[in-house]
Amino acid sequence: MGEAKKIPRHLQKYVVDQQYEKYTPIDHAVWRYVMRQNHHYLKDTAHYAYVGGLKSSGISVERIPNVTDMNIALEPYGWGAANIDGFIPGVIFFDFQAHGILPIASDIRKLENIQYTPAPDIIHEAAGHAPILCEEKFSEYVKLFGQIGSKALAISEEHELFEAVRSYSNLLESGTATKAEIEAAKANFEEKQAAVTELSEAEQISRLYWWTVEYGLIGTVEKPQIYGAGLLSSVAEGRSSLTASVNKIPFELQKVIATGFDITKPQPQLFVCDSFDQLIDAVIEFSKTMAFHVGGTQGLDKALRSNHTATIQYNSGLQLTGTLRRILKDEDGVAIYIQTEGPSALAYENTELLGHGKNSHQDGFGAPIGRIKNLKNPLELLTDEELEEIGISFGKNCTFEYESGVKVKGTPVQLIRKDGKLLLITFKDCTVSIKEQILFQPEWGTYDLAVGESITSVFAGAADSDQFYADIGEVETKPLVKRDLTKLEKLYGKIRSIRESMSNDIEAELAEVIDVLTNDYKDDWLLRIEIMELLVKYNLLPDKQLLLRKQFDEIKDLHDGYSVLIERGLRLTNS
C-alpha cells in the first residue's frame, strides 16, 4: 500500500474534510448512473488511458470515491488528491497541480443537474480528471501547466469576476436558491464579465487549460478521442462532443488562447491535439510571453493591474512579495522605482530572508531599479572593500545617485549577501528622493535598499508561500448536517442493499418498493431505473416491468430532459 501524498503547508488551508457520511443513497445513485453511462460510452471513445485509469486512481463505478483512498491510489503515478470546498482561485488550483495534487470538490451534483453542473463537483474532478493523470505524458503536462499557471497574473476585474462566477454557479447547484436570487447573481456575473476588457496572461492560460485539460480531444479531427475532464464527466457533453454538432478544430496555441469560453453553456467547438507532447510544447511556448519569464517594466505593469499579491524578482535574486501599488518611470517609460502597499516580504530562491517577513514590512516596501551613476560594476557584485571605495561602509553617512535620478542618503548598518551577491543594504537616518519628491524619510525607520539593476521576473503569488500566508486561517468546512434520511432516500438505500446482498426475498422487497414509488413518488425516474436493472437482470416480476415501462412513458412528459435520461438508463439494464 502506498503512502498519502503530503500537502504543502500553504495549501493546507484550502483543504476540507470530505465528510463521506454526508452522501445520501440518492447521491450515490447519481454517481452510479453517470459513471455507468460514461463508462459504457467512453470505453470506446475516450483516450485509451481512461478505463484503466479509473481503477488505478481508486475510483469505482458503484459508489462515490473516498478521496483519502484516491490519494493513496494515485501515489505510484506521482499524484495525490485533496478535498477542497468548491471554487478556489485559479492560481491556487494550479499550485495544487504543480505539487502533484488533484484538488477535488467534495460536493456532488443534485439529481436535477445530473447531466451537467457548472459548479465543481466530485464527479467532474474525481472521475473526470484522475483517470487520465495515470498517463505519463499527460501527467507531465498537467504538472508543468500547474507550475506555469500558478505564476500567471490576472487583472483586478478578473478577481471580481471569479467571485461572481463562484456565487452564480453555487446558486445554480444549491437547489434552494430562489429565481430572484439566481437572476441577481446572473446579472452580477454578466456585469463583472463585461468589465473584463483586457486579455490578461491569466485569462489566456486559463483558456489553454480549458480547451485542453477540461475540454480537450486528441487524435485527428476526423477521428478524435476524449481526454478532457469536462467531457469525461458529463453525460450530455461527452456524447455530443464527437458529433457533427460540435466543430472540431486542429490544436494551435494562438487560436486556443484567442477563444473564450462560457462555463454555464455547452461548448460549440473543441480543439484536437495530435499528442500530449504537442500540449507540453505549447504551454512552454506560451510561458515565454509571461511576466515571470519577461520581467521588466512590462511585467511590473501587469502586477500593478492585478492589484493582488505578486512577486518581483531582481537580477540579484532578491524577491519582493506584496501588492504593487505604484511605479515611477523615466521619460522613456522605463520603471525606476516601485512601491508595494500593505504587508510585504523579501526572499531569496523562494525562501524568506530572516527578519524580512510581513511583520517587518507591514506598511509596504519601496525600492529603486537601475544602475548607480558612475559605478563601473553592478552594485550586487561589489565586495565590502569595493563598497568602501565608493563610500558605502558601516557607520558612515553616504550619498549616491542612480542614473535615473533617484538619490539615497543615509548610514549603512547591515548587508545581506547570498551566493556571493549583495541583495540588501539597510540604512538608518535615510532619505530617498527623486528631484523634489521624497520617497523615504528618516522618521519612517530604517530603509532596506533592494539591490539590483533590473527586474528579471514578475509572477502571481508569494515567493515563500508557506511563510507569507502562514497567518491565514484554514478554510472553514461546512458543518455536517446530521439528519434522518427521507423516505425516498431510504428507498434508494434499500435498492442498493438489495443489489449488493441479493437476499432470498428479492421479489417481495422489489415489489414493495415499486408500490411505494407508484403511490408516493410518481416523478422519480432514477430509482425506477435501478429497480428495472435488477428486474431485467434476474428476469423477475414481468408484470412489474410492464408497470414501470408505463410509468416511464408518463414521467418522460414531465421534463424535457427526462426522456433521454430514461432511455439511456434503460439501454444499460442488461449490462
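Along the sequence shown, residues are numbered consecutively beginning with 1. Since we're looking at a predicted model, the values are computed, not measured.
Under a 3.5 Å cut-off, the side chain of Asn83 and the backbone N or O of Val16 do not form any donor-acceptor pair. The backbone N or O of Leu540 lies less than 3.5 Å from a partner atom in the side chain of Gln545, making a donor-acceptor pair. No donor-acceptor pair under 3.5 Å is formed between the side chain of His99 and the backbone N or O of Ile101. Under the 3.5 Å distance criterion, the side-chain polar atoms of Ser287 are matched with a main-chain donor or acceptor of Ile284. Judged purely by atom type and a 3.5 angstrom limit, Asp121 uses its side chain to pair as donor or acceptor with the backbone of His124. Side-chain atoms of Ser150 come within 3.5 Å of backbone N or O of Gln147 as a donor-acceptor pair. No donor-acceptor pair closer than 3.5 Å links the side chain of Thr573 to the backbone N or O of Gly569. No donor-acceptor pair under 3.5 Å is formed between the side chain of Asn188 and the backbone N or O of Ala184. For Glu201 (side chain) and Leu153 (main-chain N/O), a donor-acceptor pair under 3.5 Å exists by modelled atom type. No donor-acceptor pair under 3.5 Å is formed between the side chain of Glu567 and the backbone N or O of Tyr562.
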After noting the C-alpha distance and the side-chain angles of Arg496 and His28, does the key distance pass the side chain to side chain contact (heavy atoms under 4.5 Å, CB included) rule?
CA-CA 9 Å; Arg496 173 172 288 276; His28 285 287; 3.3 Å; yes
Pair Ile114, Trp31 - check side chain to side chain contact (heavy atoms under 4.5 Å, CB included), show working.
CA-CA 9 Å; Ile114 195 167; Trp31 169 274; over 6 Å; no
Full working for side chain to side chain contact (heavy atoms under 4.5 Å, CB included) between Val91 and Lys151:
CA-CA 7 Å; Val91 167; Lys151 298 179 184 297; over 6 Å; no
Between Glu512 and Lys494, does a salt bridge (charged side-chain N to carboxylate O under 4.0 Å, His left out) hold up when you go through it step by step?
CA-CA 11 Å; Glu512 181 184 343; Lys494 187 170 185 177; 3.5 Å; yes
Checking side chain to side chain contact (heavy atoms under 4.5 Å, CB included) for the pair Val272/Thr220: CA distance, chi angles, key distance, verdict?
CA-CA 7 Å; Val272 186; Thr220 64; 5.7 Å; no
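Looking only at side-chain heavy atoms (C-beta outward), Thr309 and Tyr469 come within less than 4.5 Å of each other. Residues Ile26 and Leu527 have side chains not in contact (no heavy-atom distance under 4.5 Å, counting atoms from C-beta outward). Contact annotation: the side chain of Val516 approaches that of Tyr521 to within less than 4.5 Å [non-hydrogen atoms, C-beta and beyond]. Contact check for Phe251 versus Leu217: no side-chain heavy atoms found under the 4.5 Å cut-off. Counting heavy atoms from C-beta outward, Leu42 and Leu231 have side chains that stay 4.5 Å or more apart. Considering only heavy atoms from C-beta on, Thr212 comes within 4.5 Å of Leu208 through its side chain. The side-chain heavy atoms of Ile7 and Phe96, taken from C-beta on, include a pair separated by under 4.5 Å.
By the 30° and 60° cut-offs, the orientation of the rings of Phe138 relative to Tyr141 is tilted. A parallel orientation is assigned to the rings of Phe189 and Tyr168, their planes being inclined by less than 30° (bins at 30° and 60°). Aromatic ring pairs are classed by plane angle as parallel below 30°, tilted from 30° to 60° and perpendicular above 60°; the pair Phe276 and His47 is tilted. Aromatic ring orientation, Phe94 versus Tyr209: perpendicular (interplanar angle above 60°, classes split at 30° and 60°).
Within the cation-pi definition used here (under 6.0 Å to the ring centroid, within 45° of the axis), Lys556 does not qualify as a partner of Trp525.
Neither side chain, Ser139 nor Tyr77, offers a donor N or O lying under 3.5 Å from an acceptor on the other. Side chains of Gln115 and Arg109: no donor on one and acceptor on the other come within 3.5 Å. For His129 and Glu214, the side-chain atoms include at least one donor-acceptor pair closer than 3.5 Å. Side-chain polar atoms of Asp524 and Tyr492 form a donor-acceptor pair below 3.5 angstrom.
Rounded to the nearest 0.5 Å, atoms CD1 (Ile92) and NE2 (His10) are 6.5 Å apart. Between Ile531 atom CD1 and Leu517 atom CG the span is 5.0 Å, to the nearest 0.5 Å. For the atom pair Ile104 CD1 and Ile123 CD1, the distance stands at 12.5 Å (nearest 0.5 Å). To the nearest 0.5 Å, the span separating CG on Asp274 from CG on Leu279 amounts to 8.5 Å. Distance check, rounded to the nearest 0.5 Å: CG of Asp69 to OH of Tyr20 gives 8.5 Å. Interatomic distance, CD of Glu222 versus NZ of Lys248, reported as 10.5 Å (0.5 Å rounding).
For the pair Leu74 and Ala81, the tightest heavy-atom approach, listed with the atom from each and the gap, is CD1-CB, 4.2 Å. When all heavy atoms of Leu54 and His39 are compared, the pair lying nearest together is CD1-CD2, 3.8 Å. Of all heavy-atom pairs between Ala164 and Lys192, the closest is CB-CG, 3.8 Å. Counting all heavy atoms, side chain and backbone alike, Ala460 lies closest to Ala152 at CB-O, 3.2 Å. Between Pro103 and Ile84, the closest heavy-atom pair is CB-CD1, 3.8 Å. Here the shortest heavy-atom pairing between Ile514 and Lys544 reads CD1-CB, 3.8 Å.
Residue Lys186 places its NZ atom among 12 or fewer non-hydrogen atoms of other residues, nucleotides or ligands, all under 6.0 Å distant. Atom CG of Asp44 sits in a crowded spot, with more than 12 heavy atoms from other residues, nucleotides or ligands closer than 6.0 Å. Shown here is Lys43, whose NZ atom has more than 12 heavy atoms of other residues, nucleotides or ligands within 6.0 Å. No more than 12 heavy atoms of other residues, nucleotides or ligands lie within 6.0 Å of CG in Asp560, so this atom counts as exposed by the packing criterion. Shown here is Asn519, whose CG atom has more than 12 heavy atoms of other residues, nucleotides or ligands within 6.0 Å.
Scanning for side-chain contact (heavy atoms from CB on, under 4.5 Å) contacts around Asp281 gives an empty result, with sequence neighbours left out. For the side-chain contact (heavy atoms from CB on, under 4.5 Å) test, residues two or more places apart in sequence or in another chain that qualify with Asn247 are Ile249, Gln269. Every residue was checked against the side-chain contact (heavy atoms from CB on, under 4.5 Å) condition with Ala73, not counting sequence neighbours, and none meets it.
Salt bridge absent: Lys265 and Glu237 never bring a charged side-chain N and a carboxylate O closer than 4.0 Å. Ion pair Arg207/Glu203 flagged as a salt bridge, since at least one NZ, NE, NH1 or NH2 atom sits closer than 4.0 Å to an Asp/Glu carboxylate oxygen. Checked for salt-bridge contact, Arg483 and Glu489 meet the test: a charged N lies under 4.0 Å from a carboxylate O.
Screening Arg528, Arg32, Arg571 for a salt bridge (Lys or Arg N to Asp or Glu O under 4.0 Å) with Glu533, the sole residue that qualifies is Arg32.
Ring pair Trp210/Tyr215: centre-to-centre distance below 6.0 Å.
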